[in-house]
Participant: 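Sharing a structure, written as structure tokens. Questions coming.
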Amino acid sequence: MDPAKTPLGQMLLDEITPVVMVLSTPLVEEACFKNGFSFLQMLTPFCSFHNIDVPVRTASDQPYRLQKFKLRLFYASDVRKPDLEVAKEHLKQVITEAGEKELSELSLDAPEISHVLESSESGNTPSWLQFFNKELIRVVSFSDHEAFDHPVACLLAVSSKDEQPINRFVDLFNTNKLPSLLNDGVMDPKILKHYLLVHDNQDGPVDRATKILAEMRGTFGTSDCALLCMNSSSDSPVKHEDNPWASYNSNVSPGQDLGCFLNIDDVNEIKDLMQDLSSKHIIPSMEQKIRVLNQQVSATRKGFRNQIKNLWWRKGKEDGVDSINGPMYTFSSTESQIRVLGDYAFMLRDYELALSNYRLISTDYKLDKAWKRYAAVQEMMGLAYFMSDQSRKEAEYCMENAFNTYLKLGSSGQQNATRCGLWWVEMLKTRDQYKEAAPVYFRICGEDILHSAVMLEQASYCYLMSKPSMLRKFGFHLVLSGDRYNKCDQVKHAIRTYRSVLSVFKGTTWSYIKDHVHFHIGQWYASLGMCDVAVKHMLEILACGHQSKKTQELFLGDFLQIVQKTGRTFEVSKLQLPVINISSLKVIFEDHRTFGSLSAANTKEGLWHSLEEEMLPSFSAAKTNWLELQSKLISKNYRDSNVCVEGEAVKVNIEFSNPLQISIPVSGVTLICKHSPSTSEVTSGTKNDIDGKCEELTTSRDLSSDNSSFLVSEVDFLLGGGETTMVQLSVTPRDEGTLEILGVRWKLSGTIVGFHNFEFSHVKKNTAKGRRKGKRSPNENFKFLVTKSIPKLQGSIHPFPEKTYAGDLRHLVLELRNSSEIPVKNLKMKISHPRFLNIGSPENIKSEFPSCLMKIDSVPSGANANPSNMSDTVFLFPEGTSVQGVTPFSWPLWFRAAVPGDISLYISIYYEMGDISSVIRYRTLRLQYNLQVLPSLDVSFQISPSPLRLREFLVRMDVVNKTASESFQVNQLSSIGSDWEISLLQPPETIFPSLSLMAGQAISCFLTLKNCRRILTFEDTGSSISMPIRSDIKLVPQGSEDPVYNMSSEPLVNFHHYERQQQEFSHEPLGDLNTVDFVLISRPLQSDTNASFSDPPHVMSHHACHCSTASTGPISWLVDGPRTLHHDFSASFCEINLKMHLYNSSGATAFVRINTLDYTVTGGQLNPLSVVQSVTPSDNQAGWHDITPVNEVKVTSNVTGSQPGKSLSLGSVSPYIWSGSSSTNVHLEPMSSAQIPLQICVFSPGIYDLSNYVLHWNLLPEDRGGQDETRQPSGKCLGYTYYLTVLQST
């Protein structure tokens, strides 16, 4: 790319151009002021030539042509160094005016980062920045060490009305009026002079001016004199469509017309004047000067000899003291002439000649330690390299060298460093080195805060235009720039920079910087009186939970102050404070489903559906939409609509949270609703309805108004720091029609109103033939069809405990009310946990509790409750039951805390409307109760067969009090059923010495359990007589007044039924014939009952079901015979007769075989001939064992029948043999017994273990068809231990 066409090239062609000094008389200025400008301003627009086409020949013989050329015009009084303070004030004014021009854009939305990036790539950065940079460069103009600002010519203008015009020309160039650059010897005063006679045609004819021009040519020379006639349009002002002076005069009033007396001929004459001055005078003069200076320099400095001479002459100067400008250089010095030569060549585009002279003079200045001049030459070398499109590396090196040298000079070189840095930055930007250009802007900043703000802003755009864009650095440096603008009271620029940052931080997690930006933008807008926009930005920082408490108070306080300044109430959509958790939004309404409590409404619909499935009418359409049951009454459009009832509230649960650490008051929280009297408006909801909600918000402000179509609740609350609260809002329709809930509305701190529309993405409903209808749109969850008022049941259970102990048994009452005069009928009820809650009989409503559970002597134990109440299905209230009016309907319930834990009970009551014209034919009342069940007594039982009696068992009962502070009294133990008899082995006083079970205490007691089921034997010829069975034992001392509880009473037998159902899943199903159930009755001691229980328990029942009595299988046996006897072995061996009693406890015929085994003496010990492994489920030895031949019994957890491998040290005892049959077979019918004779022969005294036999059993297949398939079909077991002691008789 041509360097001259780059931004830097354009800047150099505008700023490093020949300067023409202008001297004019007051009459000349007066003639020009008629047109609204000065003489210099009149000429300025015609000093730029884009196609001057002038041939130029400098030091070389090859000419080239200039196409673009420009002159810079200055009055003689302005040819001087600018005053620094005045310059700073001017720059500040430039920045301020730029901010005023962009004021209108501040009310617009912040630009998106994509738009900012596109504008930057196309070079559309803020236009005033380029203007500011030019003004900043001009601060260091007319320096004594640079020649491109020195005038190359002087234009002297005298009016034809001036007296003695020739003398006036002479007086104008008086040395007393010339700039100091000419008087102080810095530049050659012998410059080109061009004499211009200005004639105002409004002052008369041009004759006098012509005579004066002739006289001027005779005095100053023909070529150096010119005549300019102006103001030719004296009759009517001229309006220039394309006014050339408009862009050069910024202080023109809007109604002023510049150049109004200059016609087209005058304008053309000015153009010709300036072109002639440039092409025929200034350019040739500069050419001539370049050639002359080049000859002089070549003669004195070029060539090897002159270079050695120059170095020798400057030898030793490097040891001198550093100075800013070095030695004083006059215009006639060689160094000054070389610099003039280089600058002239640069202005005439001969960059090679300029670069060679800059190199030549650079060494001289460096040796002379004239650092400022050295830096200036290095700066021009870098620009010459750039314009000649030579080495980039050399150009950047020269610019960096010059920049660093300027900075070393301190404050005297700061302005020059700024100019050098700006040119260097433009050079880097031209080569797309934006990332490298940004740090240069930082180094330019200096100590002036306002200038640093501008530079930081320009640096940020460099980061933006880097490849790839560095957005974070762009935003960060814009914030730094805006902060400095604010410190200099440039609030508009601060807002502009901060607004540009918003799009960078949008969507990021940089919360702190976003809060900083929005907060300060809001403050600055408020200071400008733009409070509406200020509030918009302050709203963004309200939910600043990540900030400190002090910062949150600052943000909220400033926000409220700004709102108060506006003097009106703001309504803000989606106000961030407090935060609304939309995911927690839940709509609770009652159609055919009604709820007795909030917890019931919050329960999942699937749970209620599974509970109510059996109660609801079994129509085919009922499982898709309950309204389809009345499809003939309701039009097709409303079958999928939500339905609510007139006069019944629709509730919305909304979670509000305070993200701040400070409390915030929230008032007037209410729903935004819309009611339509006609049901024809209930449709799927269009987008226009949602988008227009802000304009058509309708709420019932006057809650007491009878004319309102609906009533809404209003809630006020104070949200503490970090607090979250669930608020329930309601709307109650008063008329039939349609009701739509649009959103929620609230007021924060009483000053600003926030509202949030319940907007969801629209979901189309797809209904395919033969398929279920599509899912309803979320928007439709807030639209309701309001039907006329219908009856509604209200129910409660009392007194329902909130906390109790496991086993607690209570009598409760279900109470139903119907405030409507229309009755409800056909009531049904189902309970989710019948194990906890059981439905009683009508006669129980007046029963005294717990006396109704006591056993009455006149009533036999077999008089049990009707088991028909024990149903897991739907309970039907008696036919004809109805609820109407103010009289409540009551029904008894029984409660038992079955297991510890947090329990939720669900009850659903179905009822139908007495008015058949209702759209809703039936409704359900859903009740939920939560309770906490604490552990109380842990009861366990271990059963082992008795070694002494067949069909008797030893039972060990372990009771542990698992509470931390409660004491219990154990009253009664019962076995359920008529086949078992239990009795204590110890009196109750021995078991419970303190008559109670203290907290944490554990007690064990032993019982005997006897199977009293009728036994069939081979000798039975008739039925046995039924004997009384003892199934209840009191665990309190004899004579105590504590009654016996009837296990056959209605609640106990019913709850036991559900306990058996529940516990059978955790036990191996062995069949009812081999299991027994126990119920332990207890009560807490009233004196120790926890005070936290409002209604302490009276009766507690603990159920242990399916306790197995079967150990080795369905066959049990017992060996009966003597234990000790005397015999004279000197006479003969001893024969002993034994009996084995067998019992089949199964319901199938059993085949039993007994094999006896003899022993041999090996090594003085008795060892078995063979070892038979036990077939019991467990490999461990357990049960009742005779460890030593003493009368001591040990109880263990399970029953097993043998101890294989046991031996006795009886070396002197002779062996014994089984003298009876070695194998005996017997068939046992179900539930029957038999006896088998056995005999042994003993040959010596001693102690013998007669357990060396094996019992094989097998259940016949044809008799096991109805039994559980998990029962073992066969098995074999070792014999029980039976010790026999035989002594020698005397």
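Any value given below was found using the heavy atoms of this structure, including those in side chains, with hydrogens, waters and symmetry copies removed. Nothing fancy with the numbering, it's 1 onward along the sequence.
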Participant: For the residue pair F69 and F49, does the interplanar ring angle fall in the parallel (under 30°), tilted (30 to 60°) or perpendicular (over 60°) class?
Facilitator: parallel
Participant: Kindly indicate, with the supporting measurements, whether the criterion side-chain contact (heavy atoms from CB on, under 4.5 Å) is fulfilled by L293 and R339.
Facilitator: CA-CA 10 Å; L293 290 176; R339 176 62 198 250; over 6 Å; no
Participant: Can F148 and F142 be said to form a ring-ring contact (aromatic ring centres under 6.0 Å, His included), step by step?
Facilitator: CA-CA 8 Å; F148 53 77; F142 302 109; 9.8 Å; no
Participant: Going from CG on L156 to OG1 on T25, what distance comes out if it is rounded to the nearest 0.5 angstrom?
Facilitator: 10.5 Å
Participant: Just how far is it from atom OG of S362 to atom CD1 of I338, taken to the nearest 0.5 Å?
Facilitator: 11.5 Å
Participant: With rounding to the nearest 0.5 angstrom, report the CG to CG distance, L353 to N294.
Facilitator: 5.5 Å
Participant: Before accepting this row, confirm whether a basic side-chain N of the pair K211/D207 lies closer than 4.0 Å to the acidic partner's carboxylate O.
Facilitator: no
Participant: Distance check, rounded to the nearest 0.5 Å: L8 atom CG versus K5 atom NZ?
Facilitator: 16.0 Å
Participant: How about S388 and Q390: does a side-chain donor come under 3.5 Å of a side-chain acceptor?
Facilitator: yes
Participant: Checking side-chain contact (heavy atoms from CB on, under 4.5 Å) for the pair Y75/S24: CA distance, chi angles, key distance, verdict?
Facilitator: CA-CA 8 Å; Y75 284 119; S24 61; 3.9 Å; yes
Participant: Do the side chain of N35 and the main chain of F37 share a donor and acceptor less than 3.5 angstrom apart?
Facilitator: no
Participant: Under the rule for side chain to side chain donor-acceptor pair (under 3.5 Å), what residues qualify as partners of Q490, not counting sequence neighbours?
Facilitator: T96
Participant: Looking at side-chain heavy atoms only, is the closest gap between S278 and I52 below 4.5 Å?
Facilitator: yes
Participant: Step by step, work out the ring-ring contact (aromatic ring centres under 6.0 Å, His included) result for Y385 and Y351.
Facilitator: CA-CA 8 Å; Y385 276 121; Y351 299 114; over 10 Å; no
Participant: Looking only at heavy atoms, which two atoms of Q415 and V140 are closest? And how far apart?
Facilitator: CB-CG1, 3.1 Å
Participant: Enter the distance from S48:OG to L71:CG here, rounded to the nearest 0.5 Å.
Facilitator: 8.5 Å
Participant: Strictly distance-based, threshold 3.5 Å: is any side-chain N or O of R349 a donor or acceptor partner for the main-chain N or O of K68?
Facilitator: yes
Participant: Could you check whether any side-chain N or O of D343 sits under 3.5 Å from a backbone N or O of A147, counting only pairs where one atom can act as donor and the other as acceptor?
Facilitator: yes
Participant: Testing L136, D448, L450 one by one against L91 for a side-chain contact (heavy atoms from CB on, under 4.5 Å), which residue passes?
Facilitator: L136
Participant: Is any side-chain heavy atom of V198 closer than 4.5 Å to one of V158?
Facilitator: no
Participant: With no hydrogens and no angle check, is any side-chain donor or acceptor of Q458 less than 3.5 Å from a backbone partner on M455?
Facilitator: no
Participant: Do the numbers put K193 on top of the ring of F173, so that NZ or CZ is under 6.0 Å from the six-membered ring centre and no more than 45° off the axis?
Facilitator: yes
Participant: Tell me whether the count of non-hydrogen atoms from other residues, nucleotides or ligands lying under 6.0 Å of NZ in K92 goes above 12.
Facilitator: no
Participant: Start with the C-alpha distance between E146 and K372, add both sets of side-chain angles, then the distance that settles salt bridge (charged side-chain N to carboxylate O under 4.0 Å, His left out), and finish with yes or no.
Facilitator: CA-CA 10 Å; E146 295 171 332; K372 194 169 188 178; over 6 Å; no
Participant: If you measure from the Lys or Arg side-chain nitrogens to the Asp or Glu carboxylate oxygens, is any gap between R65 and D53 under 4.0 Å?
Facilitator: yes
Participant: Using 4.0 Å as the upper bound for N to carboxylate O, is an ion pair formed by R168 and E163?
Facilitator: no
Participant: Do the side chain of T210 and the main chain of V206 share a donor and acceptor less than 3.5 angstrom apart?
Facilitator: yes
Participant: Give the minimum heavy-atom separation between C47 and M274, together with the two atoms involved.
Facilitator: SG-CE, 3.5 Å
Participant: Given side chains that start at C-beta, do those of R359 and M381 come closer than 4.5 Å, heavy atoms only?
Facilitator: yes
Participant: Where is the tightest heavy-atom contact between G342 and A354, given as atom of each residue plus distance?
Facilitator: O-CB, 3.3 Å
Participant: Thinking salt bridges, do R72 and D149 make one under a 4.0 Å N-O criterion?
Facilitator: yes
Participant: Please determine if E29 and K34 form a salt bridge, counting it only when a charged side-chain N lies under 4.0 Å from a carboxylate O.
Facilitator: no
Participant: Between E379 and Y406, do the side chains contain a donor N or O and an acceptor N or O under 3.5 Å apart?
Facilitator: yes
Participant: Looking only at heavy atoms, what is the nearest atom pair of I444 and G421, with distance?
Facilitator: CD1-C, 3.5 Å
Participant: Walk me through whether D364 and Y329 qualify under side-chain hydrogen bond (donor to acceptor under 3.5 Å, both in side chains).
Facilitator: CA-CA 12 Å; D364 294 347; Y329 299 97; over 6 Å; no
Participant: Applying the side-chain hydrogen bond (donor to acceptor under 3.5 Å, both in side chains) test to E15, which of R138, R419, K134, Q10 qualifies?
Facilitator: R138
Participant: Find out whether P151 and V79 are in side-chain contact, i.e. whether some heavy atom of one side chain is under 4.5 Å from a heavy atom of the other.
Facilitator: yes
Participant: We want to know whether Y344 and N357 form a side-chain donor-acceptor pair, criterion being a heavy-atom distance below 3.5 angstrom.
Facilitator: no
Participant: Before giving the answer on side-chain contact (heavy atoms from CB on, under 4.5 Å), spell out for M380 and L355 the whole-Å C-alpha distance, their side-chain angles and the decisive distance to 0.1 Å.
Facilitator: CA-CA 8 Å; M380 294 306 296; L355 188 58; over 6 Å; no
Participant: Looking at I137, is its backbone amide N or carbonyl O close enough to the side chain of S141 to form a donor-acceptor pair, meaning the two atoms are under 3.5 Å apart?
Facilitator: no
Participant: Classify the side-chain pair N231/D266 by whether it contains a donor and acceptor separated by less than 3.5 Å.
Facilitator: no
Participant: Does any non-hydrogen side-chain atom of M21 lie less than 4.5 Å from one of P179?
Facilitator: yes
Participant: Could you tell me whether the side chain of S159 and the main chain of K161 form a donor-acceptor pair under 3.5 Å?
Facilitator: yes
Participant: Quick one: SG on C32 to CG on L262, what's the gap to the nearest 0.5 Å?
Facilitator: 8.0 Å
Participant: Between Y195 and F220, what is the ring plane arrangement, given parallel below 30°, perpendicular above 60°, and tilted in between?
Facilitator: parallel
Participant: Tell me if a side-chain donor or acceptor on H150 pairs with a main-chain N or O of D188 at a distance below 3.5 Å.
Facilitator: no
Participant: Without hydrogens or angle criteria, can the side chains of Q275 and K280 be said to hold a donor-acceptor pair below 3.5 Å?
Facilitator: no
Participant: Could you point out which residue of L192, T58, L348 forms a side-chain contact (heavy atoms from CB on, under 4.5 Å) with M286?
Facilitator: L348
Participant: Quick check: do N268 and K271 have side-chain heavy atoms less than 4.5 Å from each other?
Facilitator: yes
Participant: Between T17 and L13, is there a donor-acceptor pair closer than 3.5 Å when you use the side chain of the first and the backbone of the second?
Facilitator: no
Participant: Of all heavy-atom pairs between M427 and A395, which one has the smallest distance, and what is that distance?
Facilitator: SD-CB, 3.8 Å
Participant: Passes side-chain contact (heavy atoms from CB on, under 4.5 Å), N416 versus F403? Steps please.
Facilitator: CA-CA 8 Å; N416 295 88; F403 185 79; over 6 Å; no
Participant: Does the side chain of Q67 pick up a donor-acceptor pair with the side chain of H50 at under 3.5 Å?
Facilitator: no
Participant: At their closest point, which heavy atom of M387 faces which heavy atom of G9, and how far apart are they?
Facilitator: SD-CA, 3.9 Å
Participant: Donor-acceptor check, side chain of W245 to backbone of M42, threshold 3.5 angstrom: yes or no?
Facilitator: yes
